[in-house]
Amino acid sequence: MWRRLLGSFLVPHCIRLEMQLHTTSNHFYVLKKLALESKHNMAQIINGKQMATDIQDDLRKEVQQFVAAGNRAPHLTAILVGEDPASERYVKNKVIACKDVGLSSETIVLPAATTQEELLQLIEEKNSDDNVNGVLVQLPVPEHIDERTICNAISVDKDVDGFNELNIGRLALDMTGIVPATPLGIKTMLERSNISTFGRNAVVVGRSKNVSLPLAILLSSDGRNATKALDATVTICHRFTPPKELAKYCRLADIIVVAVGKPGLITKDMVKPGACVIDVGITKVMDEAGQVKLVGDVDFDEVRQVAGHITPVPGGVGPMTVAMLMHNTIQAAKMQARCAKRNH
């Protein structure tokens with residue numbers, strides 16, 4: 001009798017315990033599976049540094065063939081006004097890249113007090129120098145100098161930054177010209193990463209005249225014409241776009257490009273699963289250990305959990321910009337060589 005009573009008490013409890021253990025086991029299995037899937041589904045990182053290295057390898061061969069055909073190595077002149085550490089670093093990276101691909105280069109550093117007239121005179125000297133194929137003035141310039149006047153003063157055929165209004169106009173009209181290096185670098189990243197753009201929704205966050213505007217043109221223009229553009233449907237957002245609207249547009253986007261210099265602006269909840277996220281922003285911040293680090297406009301660690309592709313900061317768009325500047329200088333040199341032959 002006691003055995004029957006004890007059995008009637010223990011058996012149901014054992015069954016419930018077994019079910020609980022089974023449920024707990026399943027719970028841990030599900031969590032483990034989700035963790036593995038989450039890790040597996042992490043966005044593919046677009047390695048701009050490696051991509052730029054590959055491109056510069058190709059450019060080096062292109063320069064060698066150009067010189068072997070009887071031409072001198074292309075030459076780039078970089079002009080820096082003032083002593084801005086970031087600008088100095090950018091120019092240094094460009095000079096290193098020139099040497100790597102076989103270009104000659106010079107860097108002219110002017111005092112911050114240089115007048116606009118003095119800078120314009122130097123630009124005109126380089127415009128007239130047949131030994132100079134590319135001229136760039138590192139931006140930003142001091143406040144007493146008008147950026148647009150300086151960009152337009154550079155000869156359209158030597159404007160390797162692509163900021164002269166004639167080159168921007170040619171881009172807008174889908175004509176052959178020099179395309180700004182950063183937008184061209186982003187276009188190249190998308191193409192080399194096999195990111196589909198035809199008919200896709202793209203959001204450009206930012207409206208700068210040197211990056212966001214030309215990029216929006218490249219994304220939306222017809223791929224059948226001179227710029228070989230990307231045929232996407234483009235929305236441009238900026239600082240006056242309400243946050244809720246920005247999030248709404250971003251969630252609809254297959255491609256998000258952000259270039260505003262505001263760390264962590266694009267968060268995980270704003271990104272459509274599988275979207276491609278290109279981060280152009282770069283800002284110095286202090287981490288928890290008190291160390292200075294560079295971050296972009298995207299919350300990288302969170303966003304990469306939902307995105308399909310993502311660029312890191314640093315090591316993403318920056319190296320590609322430098323590689324495209326080398327490309328533009330070489331193309332400018334080739335164009336000038338053709339013109340010289342026709343004139344002779």
Side-chain angles (χ1 to χ4, degrees), residues 46-80 88-108 123 125-138 154-164 167 170-171 175-194 218 226-228 314-344:
I46 302 176
N47 189 334
K49 187 174 182 180
Q50 182 59 54
M51 196 178 289
T53 298
D54 295 341
I55 290 170
Q56 288 180 196
D57 288 343
D58 294 337
L59 293 176
R60 191 181 308 112
K61 296 173 186 176
E62 194 173 340
V63 170
Q64 291 170 351
Q65 293 172 356
F66 183 66
V67 172
N71 302 289
R72 56 171 178 74
H75 179 87
L76 173 66
T77 293
I79 302 171
L80 177 61
E88 289 175 357
R89 184 173 65 251
Y90 295 148
V91 170
K92 182 180 179 181
N93 289 340
K94 292 168 184 177
V95 170
I96 292 171
C98 283
K99 185 177 181 180
D100 179 61
V101 302
L103 275 60
S104 64
S105 67
E106 65 173 333
T107 302
I108 301 174
I123 291 171
E125 289 175 8
K126 298 304 176 182
N127 284 342
S128 304
D129 188 343
D130 291 338
N131 293 317
V132 175
N133 302 111
V135 178
L136 70 86
V137 176
Q138 183 64 43
I154 299 173
S155 169
V156 66
D157 297 326
K158 297 186 178 185
D159 171 37
V160 290
D161 264 336
F163 295 160
N164 184 294
N167 276 321
R170 289 173 179 174
L171 175 62
M175 298 168 62
T176 300
I178 300 176
V179 179
T182 298
L184 183 59
I186 293 170
K187 174 178 181 285
T188 304
M189 293 178 94
L190 293 170
E191 292 170 335
R192 287 192 169 225
S193 301
N194 296 315
L218 268 181
T227 57
K228 305 299 180 187
V317 175
M320 286 296 291
T321 297
V322 176
M324 292 301 102
L325 178 66
M326 300 301 104
H327 165 83
N328 284 351
T329 303
I330 295 166
Q331 297 314 307
K334 288 185 172 182
M335 179 178 62
Q336 291 160 36
R338 288 193 297 267
C339 289
K341 288 179 181 178
R342 283 199 299 267
N343 293 334
H344 281 87

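Count residues from 1 along the sequence. Computation of the quantities below employed the complete heavy-atom set of this structure, encompassing side-chain atoms and omitting hydrogens, waters and symmetry-equivalent molecules. Everything quoted here is computed from the prediction, not taken from an experiment.
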Walk me through whether Arg338 and Met335 qualify under side-chain contact (heavy atoms from CB on, under 4.5 Å). CA-CA 5 Å; Arg338 288 193 297 267; Met335 179 178 62; 3.8 Å; yes

Show the numbers, then the answer: is there a side-chain contact (heavy atoms from CB on, under 4.5 Å) between Val95 and Lys99? CA-CA 6 Å; Val95 170; Lys99 185 177 181 180; 5.9 Å; no

Would you check if [X] and [Y] make a side-chain contact, meaning some heavy-atom pair closer than 4.5 Å?
| X | Y | result |
| --- | --- | --- |
| His75 | Asp129 | no |
| Met326 | Leu76 | yes |
| Arg72 | Ser104 | no |
| Leu171 | Pro183 | no |
| Ile154 | Leu136 | no |
| Thr77 | Lys158 | no |

State whether the side chain of [X] and the backbone N or O of [Y] hold a donor-acceptor pair below 3.5 Å, judged by distance alone.
| X | Y | value |
| --- | --- | --- |
| Lys187 | Lys228 | yes |
| Asn328 | Pro180 | no |
| Asp159 | Asn164 | yes |
| Asn167 | Ile178 | yes |

Approximate separation, where rounding is to 0.5 Å, of [X] [atom1] and [Y] [atom2]:
| X | Y | atom1 | atom2 | result |
| --- | --- | --- | --- | --- |
| Met320 | Gln56 | CE | CD | 9.5 Å |
| Gln331 | Leu59 | CD | CG | 8.0 Å |
| Ile79 | Ile123 | CD1 | CD1 | 5.0 Å |
| Arg192 | Asn47 | CZ | CG | 12.5 Å |
| Asn343 | Gln336 | CG | CD | 12.0 Å |
| Asp54 | Lys49 | CG | NZ | 13.0 Å |

Looking at Asp130, I'd like to know if its CG atom is crowded, meaning that more than 12 non-hydrogen atoms belonging to other residues, nucleotides or ligands lie closer than 6.0 Å. no

What is the minimum heavy-atom distance between [X] and [Y], and which atoms define it?
| X | Y | result |
| --- | --- | --- |
| Asp157 | Ala332 | O-CB, 3.6 Å |
| Pro74 | Asn133 | CA-OD1, 3.3 Å |
| Ser155 | Asn127 | N-OD1, 3.0 Å |
| Pro319 | Ala52 | O-CB, 3.5 Å |
| Leu184 | Leu218 | N-CD1, 4.1 Å |

side-chain contact (heavy atoms from CB on, under 4.5 Å) between Ile55 and His327, intermediate numbers included: CA-CA 9 Å; Ile55 290 170; His327 165 83; 5.8 Å; no

Let's go through Val101 and Thr329 carefully: what are the C-alpha distance in whole Å and the side-chain angles of both, what is the deciding distance for side-chain contact (heavy atoms from CB on, under 4.5 Å) to 0.1 Å, and is it a yes or a no? CA-CA 11 Å; Val101 302; Thr329 303; over 6 Å; no

Residues two or more places apart in sequence or in another chain: which of them pass side chain to side chain contact (heavy atoms under 4.5 Å, CB included) with Thr176? Ala226

